[in-house]
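Atoms within each ligand, like the ligands themselves, are counted from 1 in listed order.
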Amino acid sequence: MIELEGVTHRYGEGQPPALDGVSLVIGAGERVALLGPSGAGKSTLLRSIAGLVRPTHGVVRFRGRPVTGASPGELREIRKEIAVIFQEYHLIEPYTALGNVLVGRFGHLPLWRVLLGLFPRADRELARRALAELGLADYAQVPVRRLSGGQRQRVAVARALVQGGAVILGDEPVSNLDPATARMVLELLCERNRREGTTLVLSLHAPELALQFFDRIVVLRAGRVVMDRPAREVTPGDLAAAYGVRTPGAPPGQGGGAGIAGAL
Ligand SMILES: Nc1ncnc2c1ncn2[C@@H]1O[C@H](COP(=O)(O)OP(=O)(O)OP(=O)(O)O)[C@@H](O)[C@H]1O
Ligand SMILES: [Mg+2]
């Protein structure tokens with residue numbers, strides 16, 4: 001479904017690479033958690049997959065077709081299939097929560113409907129249902145600028161859910177949520193994966209959530225993949241080592257399990 005071949009990206013001349021020779025193949029229906037310390041390159045990787053960042057070297061392919069170097073028309077087609085939950089949400093401030101969720105349907109509608117705000121009844125229903133599932137039924141008509149951070153984040157998740165593409169990329173999609181709500185949101189995304197085979201690639205800062213909800217763990221550090229393994233084979237000690245955290249008594253590169261949650 002998604003293929004990265006030797007992807008390197010530098011944001012500027014002479015800057016260290018944000019991604020450094022990343023090669024990954026992600027199959028249809030996989031649930032991949034992307035971990036790694038702040039600045040490791042998680043957002044850059046997700047943006048490269050969505051064609052929002054053009055790698056300096058290497059190629060990204062979606063369903064065997066290059067995203068890198070795709071024409072604007074091809075990119076539009078690719079982006080219909082790839083929903084992105086941005087780290088900064090990218091909501092339209094004056095729009096209501098419902099209006100923002102309906103943005104997820106833009107790719108499916110003729111331009112005149114979008115411009116006139118004439119969304120089919122089925123789309124409105126879909127958007128309302130998504131908001132309700134995310135605990136925001138009472139906020140559908142509220143402008144997002146009046147919502148809390150966690151409520152906005154859930155609007156961004158709802159927008160991705162209604163898009164109905166083959167892939168959902170999420171950049172720390174539960175970072176602003178309390179633990180119970182974070183689990184509920186991940187459960188919703190996983191349910192979509194199980195029911196419709198939607199491929200999920202989500203970056204997270206909570207390793208325990210990654211181990212609980214995902215079947216594959218990829219850890220980035222300084223732009224490189226330092227671990228890529230089935231979640232059931234990953235121990236907290238492996239994660240500590242991948243993050244470069246040394247626990248007392250452990251030899252270099254062999255992070256211990258103790259205190260991993262705090263260490264990360
Ligand atoms: N727009 C930008 N311009 C210049 N450098 C950038 C830009 N975005 C990211 N970088 C740099 O690229 C590197 C990787 O950043 P990226 O945002 O991909 O990391 P991340 O793993 O998502 O971090 P975080 O967990 O803090 O979100 C960092 O060193 C960062 O400073
Ligand atoms: Mg990021």
Which salt bridge (charged side-chain N to carboxylate O under 4.0 Å, His left out) pairs, counting each pair once, include a residue from residues 119-128, with sequence neighbours left out? Arg105-Asp123
As an exercise, state the distance from OG of Ser43 to CG of Leu52, rounded to the nearest 0.5 Å. 11.0 Å
Distance, nearest 0.5 Å, that separates CG of Leu35 from NE2 of His205: 9.0 Å
Please list, by chain and number, the protein residues whose heavy atoms come under 4.0 Å of ligand 1. Tyr11, Gln15, Ala18, Pro37, Ser38, Gly39, Ala40, Gly41, Lys42, Ser43, Thr44, Gln87, Glu172, His205
Are the charged groups of Glu191 and Arg194 less than 4.0 angstrom apart, N to O? no
Looking at residues at least two apart in the chain, or sitting in another chain, which of them share a ring-ring contact (aromatic ring centres under 6.0 Å, His included) with His90? Phe86
Would you say Ser175 and Gln153 are linked by a side-chain donor-acceptor pair, where the criterion is simply a distance under 3.5 Å? yes
Closest heavy-atom pair and its distance - Leu239, Pro207: CD1-CB, 3.5 Å
If only protein N, O or S atoms under 2.8 Å count, total around the Mg ion (ligand 2): 2
Taking 4.0 angstrom as the limit, do Arg152 and Glu88 come out as a salt bridge? no
Run the numbers on Val144 and Ile92 for side chain to side chain contact (heavy atoms under 4.5 Å, CB included), then give the verdict. CA-CA 7 Å; Val144 293; Ile92 305 172; over 6 Å; no
